[in-house]
Structure formats: structure tokens, C-alpha cells
A.B. asks: 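Okay, handing you the structure first.
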Amino acid sequence: MSFQFSFRISNLLSFLKKQFRYISILLIILFFVLVNVVYSTEKTTITLMIQALEAAQWQNLVEKFERENPDIDLEIISAPNATNLVEDLYTSAFLLGDSPYDLVYLDIVWVQKFAAANWLQPLNNFISEDELKQFLKGDVEGGKYQDSLYRIPFRSDGGMLYYRTDLLEKNGYNPPETFTELINISQDLQAKGKAKWGYVWQGRQYEGLSAMFVEVLQGFGGYWINSDTLEVGLDSPEAIASVQFLLDTIKKGISPSGVTTYAEEETRRIFENGQTVFLRNWPYVAGLASKSEIAGKFSLKPMVHQPQHQSGACQGGWGLGMSKNTKHPEEAWRVIEFITSEDSQRDFILETGYVPSRKSLFNDPQIVEKYPYYPQLLTVVENSVLRPPIAQYAQASDILQRYLSAALTQTMTPENAMKKAATETRQLLN
Ligand code: GLC
């Protein structure tokens, strides 16, 4: 028995010795298979930063994405709501080197700067031209830099004029078409004690001021920078008249003097509290105001203009770009694909009232049932005014904001402020 046993052991040992080479190869293969199994069950985290108000609204989308993609954790970092502050945070992350963000949630006006700085990867290879045609043209164009695509649009945006339907109807007014009508209706309703303020808009020194201003400028027939010729129109009579109009709303008490410190959210609250007849803001307000005390008492329309000119909605909007240094481009793309898909946009819009970037959704039965004004919204966003799509946009906007703010807080006359703004902008572009 013991003889047999030791015989078998020595047999086995000599067998192992002979086959040593093959056995070690087998073990190495086994090791790699094991590593692979462990590795593939580990989740990949895809990180991006979004302004706080919207980050909360993304919750359902994030949960749905993670349910459908169990191998990916989608981590959303909340940022302040003002676009400039989010831009600064992303910018410092990229300037410091390895950005912790796999994706960038990009305002349409950051694309040129981020792409020129080489912080984003081109996305042309991930998406077909046919697929891109499903999106609004302005939003796709706004995502390009030197013919490459860097941003897939998620939601479009366009500045609108909100008005109180109840107050206008009861007092025999149609919604205003011109700047003068807006002023007259405001003053009459304020005098009758119907509302504390006539018109509220974003006057703080930040990106929202430039966005609001291009609409007034368009309504007066002026322009900021011609992106083809780089001509600057800020010292034209139309531009000076645009500043004068805004200043007058403050001087005449139609707008509170505090308007020069307001961003979108402050003005939304004044409208929702029933304190103003008119408000300039983005379509996101419609969804939130429908849950406020003025629910059912307001509507929105394109911005007012001079009788001989057209109105213009500032083209805004947000979309997803991919960081140049992400270690997970495939997974990051799966997030972009999911978030910008028709189904995700529909869910998000039904919940929040934002504007889709996919054309089909403006006439989507479920969306139109909830928001009957969406088909008209398509016309508004298709006729929007771009802020100049140039790589130096951030600096150009900064110059404009500084001088507009100086004029609106009455530390400079509109004429002097706009002359200075034009000169500095020309220096920047030369
Ligand atoms: C909105 C727009 C964005 C714009 C910002 C200004 O978020 O979508 O394009 O820059 O408002 O405050």
C-alpha cells in the first residue's frame, strides 16, 4: 500500500517536472483570466460637474443610466448656478493638469475656448452625420471648433419674454411687440398698483448680462462682433440706444435698481412672487413658475424690438464634451449617447420644461400635451442670435460685462462706456 502510494507520488512528480513548461504557461493564462474577471466586475466611474439646480434635476436620468449600465457609476459634482463660476472651476481643473472630469457639461459659449486650449477630444468619430441632423442646427454648429465637433447638445436655450396674461387681459393689453409698448404697459400697470415692477432682467456683471444684452441689441438692429470679419459694433448708435433702453427701465422705476445685481434665479423669484408684469429669462422658468403662485397666469413670447427690426432670442444651451485626458472614452461616450438620446431628453423635458436639442421633440405628442407652446418655441430657437463664436469669447464677454455694468450702475454714460468697450474689444481681437 505504502509502496503503491509513494510510487504514484513519484510518478506525479516526474510528470509535473516533464510538463513544467506547459503547466507554467497554463498558470500564467489562468492568472490573467482571473485578473480580467476581477477587473471587469469593478465599476468604471465617469465624473462630470453640473450647476447645482440642474444636478438635482438630473437625478432620475442618472439612476436610469446606472440601472441600464451596471458597469458604470455616473458621478455628478454640483457646482454653483452661474455659468461663469462653473466655467472657472472646469478651467482651473484643466489648467492644473489631469482634470478629474471625464465629461464636461459645456455652455455653448465655452466650446471655442475649451477646444482651442486642447482640453476636449473631437467627437466626430463617435457620431454619424445622419444622427447629427436630428439636432437643432445652431446647437450643433455651436459645438464645433475649426470643423471638428466637440460637444453633443443636450438642451437648447433661448431668451424669452415672460408676461402675466391675467394682468394684460384684464387691462385690455395685447402682449407687447416693441420696447415702447413694454415700457408703456409696465408704467400703466404699475400706476394702477397691479404689480410692483414692470420689467425684470439680468443686470449683474456676469455672462447672463451679455446674453440678455445681445437680444436688446438685435431688437435695435445692432451687433456685437461679426465673427467673420471681427468688426466690432459696440459703439454704434444702435448699441448705445440699447444700453440707454436698459438704463431707462431703471431710471423710470420700471425695473428695480437692484436689477444690476440680479442673475436668472433672483429675477425668476420676483416673477413667481407676482411682483413684476414682464420678465426676461430662459425657458426653464416656465416649468418652475407653473408650480408657483402665478401658475396658469403667464405666458412667454419672443423678445420685443424696435418697430423696424426683428427680435432675437440669445442662443444658449448646454451639451456634453469629452475631456482629452479621460481614461474611459468608451464609457464616457455611453453616457453622452444615453443623456442626449431622444428618450432621455423627453423624460427630462417633461419633468423640467427645458428646451430639447432634438428637433422631433418640439412636436412630440407627450411634450406638446404638457407644454402647448413648444411648436412655437422651435421657431424662436431656430431664429436665435449667437454670441460671437470666437476663441477669445470669454475675454470679449468680460469686457462687455464690465462696461455694461458701469453704464447701468451710472458710473459711466452709455456712450462713454460703449466707446471704451468697443476700443478694448478691438484691441483684444487685433
Ligand atoms: C443659460 C444659457 C447659457 C448662458 C447662461 C447665461 O444657462 O443656456 O448659454 O450662457 O444662461 O447666464
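Start at 1 and go down the list; that is how both ligands and their atoms are numbered.
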A.B. asks: Just need the protein heavy atom nearest to atom 9 (O) of ligand 1, so name the residue and atom and give the distance.
C.D. replies: D107 OD1, 2.6 Å
A.B. asks: Check if Y206 has a non-hydrogen atom at a distance under 4.0 Å from any atom of ligand 1.
C.D. replies: yes
A.B. asks: So if I count the atoms of ligand 1 from 1 in the order they appear, which ones are less than 4.0 Å from some heavy atom of G317?
C.D. replies: 2 (C), 8 (O), 9 (O)
A.B. asks: Between CG of L320 and CZ of R151, what distance do you get to the nearest 0.5 Å?
C.D. replies: 9.0 Å
A.B. asks: Any idea which atoms of ligand 1 are less than 4.0 Å away from a heavy-atom of G208?
C.D. replies: 6 (C), 12 (O)
A.B. asks: Whether R204 engages the ring of Y262 as a cation-pi pair (distance to the six-membered ring centre under 6.0 angstrom, angle to the ring normal within 45°) should be assessed.
C.D. replies: no
A.B. asks: Who's the nearest protein heavy-atom neighbour of atom 12 (O) of ligand 1, and how far?
C.D. replies: E264 OE2, 2.6 Å
A.B. asks: Counting both backbone and side chain atoms, is some N or O of R387 under 3.5 Å from an N or O of ligand 1?
C.D. replies: yes
A.B. asks: Report yes if the distance between the aromatic ring centroids of F213 and W201 is under 6.0 Å, otherwise no.
C.D. replies: no
A.B. asks: What do you reckon, does Q315 have a nitrogen or oxygen under 3.5 Å from a nitrogen or oxygen of ligand 1?
C.D. replies: no
A.B. asks: Rounded to the nearest 0.5 Å, how far does OG of S257 lie from CD of Q410?
C.D. replies: 9.5 Å
A.B. asks: Applying the ring pair (Phe, Tyr, Trp, His ring centres under 6.0 Å) test to W318, which of W110, F154, Y284 qualifies?
C.D. replies: W110
A.B. asks: Any idea which atoms of ligand 1 are less than 4.0 Å away from a heavy-atom of T83?
C.D. replies: 5 (C), 6 (C), 10 (O), 12 (O)
A.B. asks: May I ask you to decide if the ring planes of Y90 and F114 are parallel, tilted or perpendicular, using 30° and 60° as cut-offs?
C.D. replies: perpendicular
A.B. asks: Should you measure from each heavy atom of E207, which atoms of ligand 1 turn up under 4.0 Å away?
C.D. replies: 10 (O)
A.B. asks: Cation over ring, R268 on F271, under 6.0 Å and within 45°?
C.D. replies: no
A.B. asks: Tell me whether K43 is salt-bridged to E75, with the criterion being a basic N under 4.0 Å from an acidic carboxylate O.
C.D. replies: no
A.B. asks: Among all the protein's non-hydrogen atoms, which is closest to atom 7 (O) of ligand 1, and how far away is it?
C.D. replies: W318 NE1, 3.0 Å
A.B. asks: To the nearest 0.1 Å, how far is atom 2 (C) of ligand 1 from its closest protein heavy atom, and which atom is that?
C.D. replies: D157 OD2, 3.3 Å
A.B. asks: Before signing off on this row, confirm whether R155 and ligand 1 have an N or O atom pair separated by under 3.5 Å.
C.D. replies: no
